[in-house]
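Reading through the structure tokens given below for one structure.
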Amino acid sequence: MPEHQNIEYKESWRDEYLKWICGFANAQGGKIFIGIDDKEKVTGLTDYRKLMEEIPNKVVSHLGLVVDINLRTKTKKHYIEISVKPSDVPISYHGAYHFRSGSTKQELKGTALNQFLLKKIGKSWDDMPLSGSTIYDLNANTLNKFLNDATECKRLSMDAVREDHEGLFTNLHLMNDEKQLKNAALLLFGIDPLKYFTHAYFKIGRFGTSDSDLIFQDIIEGNILDMPDKVMDILRSKYLTSPIRYEGLQRKEELEYPEEALREAILNAIVHKDYTSTTIQLSVYDDKLILWNPGALPQELSIDELKKKHASFPRNKNIADIFFKAGYIETWGRGTNKIVEACKAAGLPEPEFVEHAGGIQTIFLKDIYTEEYLKKLGLTVRQVSAILFAKHSGKITNKLFQESFNVSRNTATNELKRLVELKLLVPSKHKGAGSYFTIK
């Protein structure tokens with residue numbers, strides 16, 4: 001089995017490999033094989049008896065861990081298997097905390113170390129008290145709206161509403177035993193969260209033909225409980241269009257991206273953001289919309305699992321709980337599934353989820369097969385018509401192109417080839433008679 005999250009191969013033992021054992025213990029555990037190279041070939045050990053005695057003692061002495069160490073044999077060559085279980089407490093090696101991430105080991109420092117230590121003791125950043133903050137820093141209107149929404153969806157009892165502020169915030173786990181408000185309280189209900197958290201805002205930008213072509217932008221500030229509505233309002237009024245269509249005699253105006261999907265993605269970004277990092281960024285282009293929020297996926301999840309049924313692993317437990325009580329989100333880990341389903345139902349391409357620059361990108365793709373957008377690409381009238389025909393009919397052939405536009409075979413071939421080069425059409429695998437082209 002090749003090296004990955006849980007396996008490491010080493011041809012010989014070095015004491016520095018105690019860092020790898022430390023990294024496995026701080027992550028999900030794993031195995032280190034001594035006497036096997038990175039191509040999985042058993043090279044063997046001559047000093048295996050000595051190592052079988054020394055390694056367990058060094059692990060206990062330097063790391064305070066007890067690991068399983070077994071002697072194995074293959075083709076008359078000896079190698080050692082070290083099995084490391086995940087530790088419930090943080091493990092350090094000479095004062096440094098190492099962590100296995102992917103197929104590499106990293107030393108945790110700064111914010112990453114703080115978050116790791118908090119997680120190991122069952123805490124999250126939003127659970128920490130904020131020195132100097134008081135009840136007077138909170139927005140009464142936001143609090144009242146939350147109480148109305150939470151009681152209306154029956155996720156908060158009327159008895160809780162009757163509590164004074166101190167009792168209410170204590171019961172909502174937003175105030176500690178020393179009557180200090182927590183980070184979550186100021187983010188959720190604060191009058192001016194930027195007073196305490198410099199990156200607690202939402203940035204939106206409209207771009208032209210490239211990332212350097214910023215046409216205009218907006219900054220949405222304020223507490224994060226009011227933020228989703230503010231973001232959606234400005235998207236509707238300034239950034240997105242609402243094409244008109246009719247169902248019978250009824251006029252319909254819907255955003256070019258499904259509103260349910262956009263709102264769910266915005267809620268996910270706000271709730272799961274790493275608030276010790278930078279700001280959320282929403283970039284709007286002609287043919288796509290990219291939402292990026294800082295904070296890596298929890299180690300329990302992968303990108304592929306986001307599109308399947310999965311458990312919820314909130315980064316900010318108190319923030320997630322308040323959004324749930326208000327009826328804005330669920331606790332089943334269905335947010336990304338709802339985004340995908342809403343886009344499919346609207347006839348749009350399935351959105352993409354990408355790990356990028358220490359955060360997560362959600363990429364919404366517009367239906368680019370519209371006459372307006374295709375004309376912007378400088379296509380001929382014939383090419384635009386051919387694409388729209390393929391969109392509605394499922395495919396177009398070279399012969400049909402010739403007949404529809406009264407052109408030669410060579411002309412049809414060249415124009416269809418150009419559409420393939422632009423990645424607007426895809427040729428069938430079958431060539432010659434019976435071949436055809438479909439939209440990408």
Side-chain angles (χ1 to χ4, degrees), residues 206-213 215 239-262 283-291 304 307 339-354 361-440:
R206 180 65 170 90
F207 292 84
T209 56
S210 68
D211 290 339
S212 61
D213 184 17
I215 301 172
Y239 287 84
L240 302 178
T241 61
S242 300
I244 299 172
R245 65 182 181 84
Y246 290 87
E247 287 185 4
L249 297 177
Q250 189 176 16
R251 175 185 169 120
K252 296 276 188 178
E253 289 188 46
E254 297 173 345
L255 288 178
E256 51 196 306
Y257 299 98
E259 191 163 329
E260 179 187 358
L262 285 177
S283 304
V284 182
Y285 302 83
D286 285 344
D287 59 341
K288 63 181 177 289
L289 184 153
I290 301 177
L291 175 63
D304 289 339
K307 294 184 179 181
I339 293 169
V340 172
E341 290 165 4
C343 287
K344 284 183 175 180
L348 295 185
E350 189 173 297
E352 300 174 9
F353 301 103
V354 180
Q361 277 186 347
T362 302
I363 305 174
F364 291 91
L365 302 172
K366 191 187 292 187
D367 177 11
I368 62 172
Y369 299 101
T370 63
E371 185 173 358
E372 178 185 4
Y373 179 75
L374 293 172
K375 285 181 177 179
K376 289 181 181 179
L377 299 179
L379 301 181
T380 66
V381 174
R382 288 196 298 262
Q383 289 171 325
V384 171
S385 299
I387 290 174
L388 294 177
F389 181 89
K391 175 183 176 181
H392 295 296
S393 301
K395 64 182 180 181
I396 187 169
T397 64
N398 190 300
K399 183 178 180 181
L400 186 57
F401 192 101
Q402 297 172 50
E403 294 174 350
S404 298
F405 306 115
N406 193 27
V407 296
S408 68
R409 179 179 178 81
N410 283 341
T411 298
T413 299
N414 290 334
E415 295 210 17
L416 289 169
K417 180 181 178 181
R418 177 59 179 157
L419 295 177
V420 171
E421 291 172 347
L422 291 171
K423 298 182 179 180
L424 295 170
L425 288 181
V426 179
S428 61
K429 293 181 180 180
H430 175 72
K431 306 300 179 184
S435 63
Y436 55 88
F437 299 83
T438 59
I439 62 172
K440 193 173 185 302

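Predicted model, so just to flag it, every value in this text is computed and none were measured. Just so you know, these numbers use all the heavy atoms, side chains as well, and skip hydrogens, waters and symmetry mates.
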From [X] atom [atom1] to [Y] atom [atom2], the distance as rounded to the nearest 0.5 Å:
| X | Y | atom1 | atom2 | result |
| --- | --- | --- | --- | --- |
| D287 | L365 | CG | CG | 7.5 Å |
| S283 | I363 | OG | CD1 | 10.5 Å |
| T438 | L424 | OG1 | CG | 11.5 Å |
| T241 | K366 | OG1 | NZ | 5.5 Å |
| I290 | D211 | CD1 | CG | 7.0 Å |

* **side-chain contact (heavy atoms from CB on, under 4.5 Å) assessment of V426 paired with V420** => CA-CA 6 Å; V426 179; V420 171; over 6 Å; no

Considering all heavy atoms, the nearest [X]-[Y] contact:
| X | Y | value |
| --- | --- | --- |
| L388 | Y369 | CD2-O, 3.6 Å |
| G208 | Y285 | O-CD2, 4.2 Å |
| S435 | S428 | CA-OG, 3.5 Å |
| A261 | C343 | CB-SG, 4.0 Å |

*Is it true that D213 and R206 make a salt bridge, defined as a side-chain N closer than 4.0 Å to a carboxylate O?*
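Not counted as a salt bridge, because no side-chain N and carboxylate O are separated by less than 4.0 Å.
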
Apply side chain to side chain donor-acceptor pair (under 3.5 Å) to S210 and list each qualifying residue two or more places apart in sequence or on a separate chain.
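Side chain to side chain donor-acceptor pair (under 3.5 Å) list for S210, sorted by chain: S212.
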
Margin query: The criterion is side chain to side chain donor-acceptor pair (under 3.5 Å); which residues satisfy it with Q402, sequence neighbours excluded?
Written below: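 Testing Q402 for side chain to side chain donor-acceptor pair (under 3.5 Å), a comparison that skips the adjacent residues, returns N398.
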
For residues 377-421, which residue pairs pass the ring pair (Phe, Tyr, Trp, His ring centres under 6.0 Å) check, not counting sequence neighbours?
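Matches after skipping sequence neighbours: F401-F405.
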
- Item | Residue pairs involving residues 406-430 (criterion ring pair (Phe, Tyr, Trp, His ring centres under 6.0 Å); sequence neighbours excluded) |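 Found none.
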
Min side-chain heavy-atom separation L419-F437 under 4.5 Å
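They are not in contact (no side-chain heavy atoms under 4.5 Å apart), so the answer is no.
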
With side chains defined as the heavy atoms from C-beta onward, is the minimum distance between I387 and L374 less than 4.5 Å?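 In contact.
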
_Qualifying side chain to side chain donor-acceptor pair (under 3.5 Å) pairs with a residue from residues 342-352, counting only residues at least two apart or across chains_ =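 As it turns out, the side chain to side chain donor-acceptor pair (under 3.5 Å) pairs with a partner in residues 342-352, which skip direct neighbours, are K307-E350, K344-E350.
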
May I have all residue pairs that pass salt bridge (Lys or Arg N to Asp or Glu O under 4.0 Å) and include part of [range], sequence neighbours excluded?
| range | answer |
| --- | --- |
| residues 387-402 | D367-K391 |
| residues 400-420 | R382-E415, R418-E421 |
| residues 426-437 | none |

>> Restricting to salt bridge (Lys or Arg N to Asp or Glu O under 4.0 Å), what partner residues turn up for K375, sequence neighbours left out?
In response: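 Testing K375 for salt bridge (Lys or Arg N to Asp or Glu O under 4.0 Å), a comparison that skips the adjacent residues, returns E371.
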
Partner set under salt bridge (Lys or Arg N to Asp or Glu O under 4.0 Å) for K288, not counting sequence neighbours =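 Testing K288 for salt bridge (Lys or Arg N to Asp or Glu O under 4.0 Å), a comparison that skips the adjacent residues, returns none.
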
Checklist entry - Who pairs with Y436 by ring-ring contact (aromatic ring centres under 6.0 Å, His included), at least two apart in sequence or on another chain? => result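 Expected list: none.
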
* Those residues that, when tested against F353, pass ring-ring contact (aromatic ring centres under 6.0 Å, His included) (two or more places apart) ->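 F353 satisfies ring-ring contact (aromatic ring centres under 6.0 Å, His included) with no residue once adjacent residues are dropped.
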
With side-chain contact (heavy atoms from CB on, under 4.5 Å) as the test, would you mind laying out the steps for L262 and L291 before giving the verdict?
CA-CA 9 Å; L262 285 177; L291 175 63; over 6 Å; no

